[in-house]
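Each remark here refers to the structure printed beneath this line.
All ligand and atom numbering here is 1-based and tracks the order in the structure.
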Amino acid sequence: MAEMPFVNTDIEDEFIVNATSEINIKKKRKRTTGREIEGNEEKKKKVYQPNYFISLPITNLEITGSIQAVQDAIIKKDQRLSKAMVHSGSLHVTMLVMHLSNEEEISIAVGALSDSKDFVEDLLKGKNVDLSFKGIDHFRNEVGFVKLSENDHTAILTEIAETMKKIFQEKGILAGEGRAFKPHLTFMKLSKSTQLRKQAVTSCLFMRFYGNIH
Ligand code: C5P
């Protein structure tokens with residue numbers, strides 16, 4: 001869970017605000033007419049801000065070293081982006097995001113995580129999952145990440161992520177983002193700096209750095 005291994009990870013900018021999601025729902029209610037209520041109830045179920053996540057820490061020195069090289073090359077081109085870089089100790093591949101709003105839900109999620117462990121062990125049968133990374137991409141010109149190379153191991157990783165999502169959802173946890181699992185390794189994100197977020201500085205850089213990382 002996010003608060004354990006990544007207690008110092010920069011998640012606050014994107015994973016904050018239980019209150020905000022509630023405020024948004026209230027605003028929508030005020031604007032509704034009778035006919036819209038049903039639709040908004042549906043949205044209320046779906047709209048939430050993830051505030052916890054489960055991820056695999058990436059600590060392999062070859063990978064973290066390559067990421068560092070990319071980060072250095074980007075900073076060399078534009079010093080301002082140094083603020084956007086993810087620290088080596090926080091590199092991870094997110095498996096599942098969720099919204100937990102109280103102690104009870106946290107405890108249910110801990111149970112779901114424990115159930116997931118049995119499933120993962122059954123699936124792996126003692127084998128390792130080898131992840132390799134190749135190529136750079138971005139989400140909305142705001143998040144720079146390294147892609148996972150597609151192979152049998154990523155298929156297993158996807159199966160693990162999808163099954164964990166199911167296990168959490170079956171216990172009533174708001175888990176998953178309503179989008180397909182896209183394993184990636186984020187190395188920079190503008191959300192780490194409000195100033196950078198306002199400036200459109202990344203898009204051309206990402207295009208220049210569409211290189212390979214092994
Ligand atoms: O999961 P990770 O910590 O690498 O996510 C970094 C950022 O990328 C987050 O702000 C997340 O919302 C965003 N993201 C995205 N689209 C995805 C996965 C993550 O915009 N499919």
Measure up the F139 and H184 rings against each other and bin them: parallel (under 30°), tilted (30 to 60°), perpendicular (over 60°).
-> perpendicular

Using a 4.5 Å cut-off on heavy atoms from C-beta on, say whether the side chain of L185 contacts that of F145.
-> no

Using a cut-off of 6.0 Å, state whether more than 12 heavy atoms not belonging to D152 lie near its atom CG.
-> no

So CG of L131 and CG of N60: to nearest 0.5 Å the spacing works out to 10.0 Å

How does R179 reach ligand 1, if at all, at less than 4.0 Å between non-hydrogen atoms: by side chain, backbone, both, or neither?
-> side chain

Residue T186 vicinity, atoms of ligand 1 by number, heavy atom under 4.0 Å = 2 (P), 4 (O), 5 (O), 6 (C)

Any atoms of ligand 1 less than 4.0 Å from a non-hydrogen atom of R140? List them with their elements.
-> 15 (C), 20 (O)

With a cut-off of 4.0 Å, which atoms of ligand 1 are near a heavy atom of T94?
-> 1 (O), 2 (P), 3 (O)

Please lay out, stage by stage, how E121 and K117 fare under the test salt bridge (charged side-chain N to carboxylate O under 4.0 Å, His left out).
-> CA-CA 6 Å; E121 280 170 3; K117 183 173 176 278; 3.2 Å; yes

H184 heavy atoms, cut-off 4.0 Å: which ligand 1 atoms fall inside?
-> 1 (O), 2 (P), 4 (O), 5 (O), 18 (C), 19 (C)

